[in-house]
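Structure first, then comments.
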Amino acid sequence: MIREIKNICCIGAGYVGGPTMAVIAKFCPDIQVNVVDSNKKRVQQWNSNDLSLLPIYEPGLRDIISQIRGVNLHFSNEVKKHIQEADMIFISVNTPTKKKGIGAGQASDLKWVEACAREVSNSSKGHTIIVEKSTLPVRTAEVIKNILEVPKSQINGKEESPKTFDVLSNPEFLSEGNAIKDLEEPDRVLIGGENKNAIDALSKIYLNWVPPEKILHTNIWSSELAKLTANAFLAQRISSINAIGALCESTGADVREVARAIGTDSRIGAKFLDSGPGFGGSCFKKDILNLVYLAKYFGLPQVANFWESVVELNYWHQKRISELIVKKLFGTLHQKKILILGFAFKANTNDTRESSAIQICKDLLLEGAKLYIHDPKVSAEQISEDLNANLYSYESEMENNEKLLWFKVDDISKDLKNADAVLILTEWEEYGKINWDRAAEIMRKPAWVFDARSIIDIEKIRSTNLNFWRIGDGSLSQT
Ligand code: NAD
Ligand code: UGA
């Protein structure tokens with residue numbers, strides 16, 4: 001018999017937990033969904049009356065929150081209480097790369113997942129289905145089961161009421177900026193597990209809005225590994241097209257034309273072939289490095305090297321862009337004003353984790369540039385924090401010891417005044433609408449426009465006296 005799920009608890013109110021639970025609650029009005037987080041500020045933000053203060057920005061998210069928050073969707077810090085009440089618990093906590101110890105720099109740090117498993121083991125009641133929503137190394141379900149199945153001690157001579165668990169893997173494939181659409185119309189929902197009843201109980205939730213043919217069942221290890229593999233394949237495509245883009249610039253070819261030509265091959269497909277400043281985001285690098293670690297651990301160094309090269313190329317590519325800018329601006333950026341347009345790792349999100357903008361801006365600051373940074377959704381505080389994350393000596397190299405780390409630009413056309421260069425790093429739509437005739441009048445000559453996102457209409461800039469570079473365009477490098 002399929003278990004009726006009435007009460008869900010999701011541990012982790014982040015980029016995945018928040019939107020995913022919002023969509024489940026929207027389509028399952030009979031289920032109470034409690035999203036819990038140990039971070040007080042984050043929960044306050046989720047509960048804010050002013051929806052512009054939600055902790056994450058996702059198109060469509062505010063509408064859902066305004067309709068069902070307080071009805072069957074709740075955000076709270078009461079982790080124990082909601083674990084106790086839940087018959088299904090999603091673990092949706094962060095799994096970043098380990099910073100120290102064995103596997104540092106590659107393996108996933110599972111301390112938050114382990115803490116969840118211990119909390120569930122202590123606080124749950126009766127039978128609970130545990131769903132791995134976080135991206136995890138293959139065989140993590142085994143670790144979770146081991147923690148959950150530790151025999152419970154006797155309390156006051158009385159046997160504690162028996163607790164039983166099923167563990168399922170249900171990785172999330174949403175992409176930021178598109179999260180609500182990805183959740184409402186997923187390409188597939190993947191459920192890995194052993195117990196048919198538990199699998200059916202989770203499937204039944206998704207069947208409220210996902211067609212049955214899109215719900216895939218696999219064994220638990222395949223499900224865990226499929227998530228890492230999907231991200232590795234996607235990232236690999238970006239490194240591949242960026243590598244070809246560099247070759248285009250040297251040969252007179254155009255990466256957009258090459259992408260179009262290969263993308264029409266149905267075996268290759270047209271998506272994920274946009275050359276840009278390198279992939280960012282919290283997951284691609286971490287998940288590939290995790291795959292690298294697993295391959296090494298299981299004695300497969302060639303497999304490890306193959307995937308590691310995808311990350312190495314991405315880093316080289318980011319460096320290539322900052323080096324190219326220095327070269328075009330006569331080998332020095334000292335006190336040169338450069339407008340950075342876009343700091344988020346992609347458009348339609350306020351997330352800056354692993355954004356290529358961070359590495360590129362740090363490199364430009366090191367060369368002495370004055371950076372004026374704009375992003376429609378990223379806060380100045382976040383930009384400041386990201387650029388201070390590592391201690392660099394560039395501050396001391398500034399004349400008068402000025403701390404010219406970042407500036408929030410409010411009016412792009414005004415702030416172009418006396419700028420030596422503009423660098424577009426995120427594909428926000430508004431950057432495609434800049435008036436380049438006006439820009440050409442007020443920038444300091446010779447002025448450069450670097451478009452790392454192919455967002456500028458090349459015809460609109462050709463008629464100006466601005467120097468123009470865009471990613472992977474060999475025709476520009478040849479002139
Ligand atoms: P996040 O950092 O935005 O959110 C994680 C939240 O978990 C944080 O708010 C943190 O305070 C909370 N948390 C950690 N340990 C806790 C505990 N013991 N008790 C209560 N709360 C706790 O992370 P995210 O971006 O939502 O990613 C979560 C997982 O989903 C990761 O494994 C990630 O790889 C995966 N994933 C992320 C995305 C994405 O687009 N961000 C997409 C698919 C999968
Ligand atoms: C990615 C995957 O697309 C999701 O399926 C996955 O669930 C998620 O990682 C995760 O596990 O966290 P996300 O990182 O949100 O989603 O965004 P993507 O759209 O994949 O973009 C990642 C990076 O690649 C961005 O910096 C983006 O600008 C870049 N990119 C993407 C390109 O440079 N070119 C492209 O053609 C596509």
Side-chain angles (χ1 to χ4, degrees), residues 9-21 35-43 45-46 55-56 58 75-80 82-83 90-97 108-120 132-137 140 170-179 182-183 186-188 227-228 230-235 237-242 245 255 259 263 270-288 290 314 317-318 342 344-349 351-357 425-427 452-454 471:
C9 170
C10 172
I11 313 180
Y15 283 86
V16 169
T20 309
M21 292 304 124
V35 192
V36 297
D37 203 295
S38 47
N39 182 330
K40 286 211 162 58
K41 184 174 169 213
R42 209 164 222 195
V43 169
Q45 289 172 318
W46 278 113
I56 64 174
E58 276 295 340
F75 294 91
S76 129
N77 293 117
E78 293 184 280
V79 180
K80 276 184 207 309
H82 292 296
I83 288 178
F90 287 77
I91 298 183
S92 191
V93 298
N94 34 322
T95 50
T97 305
S108 287
D109 193 338
L110 295 180
K111 71 178 174 212
W112 291 274
V113 173
E114 182 172 335
C116 290
R118 288 186 190 280
E119 196 56 69
V120 171
E132 295 176 344
K133 191 45 109 178
S134 297
T135 303
L136 297 167
T140 304
N170 172 222
E172 185 46 62
F173 296 98
L174 69 79
S175 80
E176 287 179 31
N178 216 29
D182 288 342
L183 287 161
D187 284 352
R188 77 316 210 171
K227 171 64 197 177
L228 294 180
N231 274 359
F233 268 59
L234 289 169
R237 273 175 84 92
I238 301 169
S239 279
S240 298
I241 200 69
N242 285 338
V255 75
K271 292 183 183 165
F272 256 70
L273 286 179
D274 292 330
S275 185
F279 59 78
S282 61
C283 296
F284 278 177
K285 183 172 151 198
K286 121 178 133 58
D287 292 348
I288 297 179
N290 188 213
N314 196 51
H317 181 70
Q318 292 168 346
F345 80 98
K346 62 188 277 197
N348 294 321
T349 177
D351 195 349
T352 62
R353 290 178 291 180
E354 297 292 339
S355 176
S356 294
L425 289 178
T426 313
E427 70 282 22
R453 289 287 189 175
S454 305
I471 197 91

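Counting starts at 1 for both ligands and their atoms, in listed order.
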Rounded distance [0.5 Å steps], [atom1] in [X] versus [atom2] in [Y]:
{"X": "S175", "Y": "K346", "atom1": "OG", "atom2": "NZ", "value": "3.5 Å"}
{"X": "I91", "Y": "N170", "atom1": "CD1", "atom2": "CG", "value": "12.0 Å"}
{"X": "L183", "Y": "T20", "atom1": "CG", "atom2": "OG1", "value": "4.5 Å"}
{"X": "L110", "Y": "W112", "atom1": "CG", "atom2": "CH2", "value": "9.5 Å"}
{"X": "K286", "Y": "T135", "atom1": "NZ", "atom2": "OG1", "value": "4.5 Å"}

Contacting atoms of ligand 1, where contact means under 4.0 angstrom from a heavy atom of [X]:
{"X": "R42", "result": "1 (P), 2 (O), 3 (O), 4 (O), 6 (C), 8 (C), 9 (O)"}
{"X": "D37", "result": "6 (C), 7 (O), 8 (C), 9 (O), 10 (C), 11 (O), 12 (C), 20 (C), 21 (N)"}
{"X": "K227", "result": "43 (C)"}
{"X": "S92", "result": "5 (C), 28 (C)"}
{"X": "N39", "result": "11 (O)"}

ask   = Going by the atom numbers of ligand 2, which of them fall below 4.0 Å from some non-hydrogen atom of C283?
value =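 Going through ligand 2 atom by atom, the ones under 4.0 Å from C283 are 10 (C), 11 (O), 12 (O).
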Distance filter under 4.0 Å to L234 heavy atoms, resulting ligand 2 atoms =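 Those atoms are 2 (C), 3 (O).
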inquiry  = Classify the ring geometry of F75 against W46: parallel below 30°, tilted from 30° to 60°, perpendicular beyond 60°.
reply    =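 F75 and W46: parallel rings.
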Return the closest protein heavy atom for [atom] as residue, atom name and distance.
{"atom": "atom 43 (C) of ligand 1", "answer": "E172 O, 3.2 Å"}
{"atom": "atom 20 (O) of ligand 2", "answer": "F272 CZ, 3.1 Å"}
{"atom": "atom 15 (N) of ligand 1", "answer": "W112 CD1, 3.2 Å"}
{"atom": "atom 32 (O) of ligand 1", "answer": "T95 OG1, 2.6 Å"}
{"atom": "atom 44 (C) of ligand 1", "answer": "T135 OG1, 3.5 Å"}
{"atom": "atom 22 (C) of ligand 2", "answer": "F284 CE1, 3.5 Å"}
{"atom": "atom 17 (O) of ligand 2", "answer": "K346 NZ, 3.2 Å"}
{"atom": "atom 37 (C) of ligand 1", "answer": "V16 CG2, 3.1 Å"}
{"atom": "atom 16 (O) of ligand 2", "answer": "S175 CB, 3.3 Å"}
{"atom": "atom 8 (C) of ligand 2", "answer": "L174 O, 3.5 Å"}
{"atom": "atom 14 (O) of ligand 2", "answer": "F345 CE1, 3.4 Å"}
{"atom": "atom 22 (C) of ligand 1", "answer": "S38 OG, 3.5 Å"}
{"atom": "atom 13 (N) of ligand 1", "answer": "V93 CG1, 3.6 Å"}
{"atom": "atom 34 (O) of ligand 1", "answer": "K286 NZ, 2.6 Å"}

ask   = So, does K227 sit close enough to ligand 2 that a heavy atom of it is under 4.0 Å from the ligand?
value =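 So K227 counts as touching ligand 2.
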ask   = Can a donor-acceptor pair be found between the side chains of T97 and K285 at a distance below 3.5 Å?
value =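 The criterion, which ignores hydrogens and geometry beyond distance, is not satisfied for K285 and T97.
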ask   = Are any of the heavy atoms in E119 under 4.0 Å away from ligand 1?
value =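 Per 4.0 Å heavy-atom rule, E119 does not contact ligand 1.
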Residue portion contacting ligand 1 (non-hydrogen atoms closer than 4.0 Å) for [X]:
{"X": "R353", "value": "side chain"}
{"X": "S175", "value": "neither"}
{"X": "L174", "value": "both"}

Can you tell which of [options] gets a heavy atom nearest to [atom]?
{"atom": "atom 34 (N) of ligand 2", "options": "L228, D187, D274", "result": "D274"}
{"atom": "atom 23 (C) of ligand 2", "options": "G281, A347, G280", "result": "G280"}
{"atom": "atom 29 (C) of ligand 2", "options": "T349, I238, I471", "result": "I238"}
{"atom": "atom 18 (N) of ligand 1", "options": "C116, G18, P96, G177", "result": "C116"}

query = Can you find an N/O atom of R453 closer than 3.5 Å to an N/O atom of ligand 2?
reply =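 Right, the criterion is met.
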ask   = Does E176 reach ligand 2 with a nitrogen or oxygen that is under 3.5 Å from one of the ligand's nitrogen or oxygen atoms?
value =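 For ligand 2, there is an N or O atom that lies under 3.5 Å from one belonging to E176.
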key: Ionic contact status for R353 with E176, cut-off 4.0 Å   =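 Salt bridge present between E176 and R353.
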Report the part of [X] (side chain from C-beta onward, or backbone N, CA, C, O) that has a heavy atom under 4.0 Å from ligand 2; answer both or neither where that applies.
{"X": "N231", "value": "side chain"}
{"X": "E172", "value": "backbone"}
{"X": "I241", "value": "neither"}
{"X": "E354", "value": "neither"}

Can you check whether [X] has an N/O within less than 3.5 Å of an N/O in ligand 1?
{"X": "D287", "answer": "no"}
{"X": "E176", "answer": "yes"}
{"X": "Y15", "answer": "yes"}
{"X": "V36", "answer": "no"}

query = Looking only at heavy atoms, what is the nearest atom pair of I471 and S275, with distance?
reply =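 Where I471 meets S275 most closely, the heavy atoms are CG1-OG, 3.5 Å.
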ask   = Taking all non-hydrogen atoms of both residues, which atom of F272 and which atom of L234 are closest, and how far apart?
value =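 The pair with the smallest heavy-atom distance is CD2-O, 3.7 Å.
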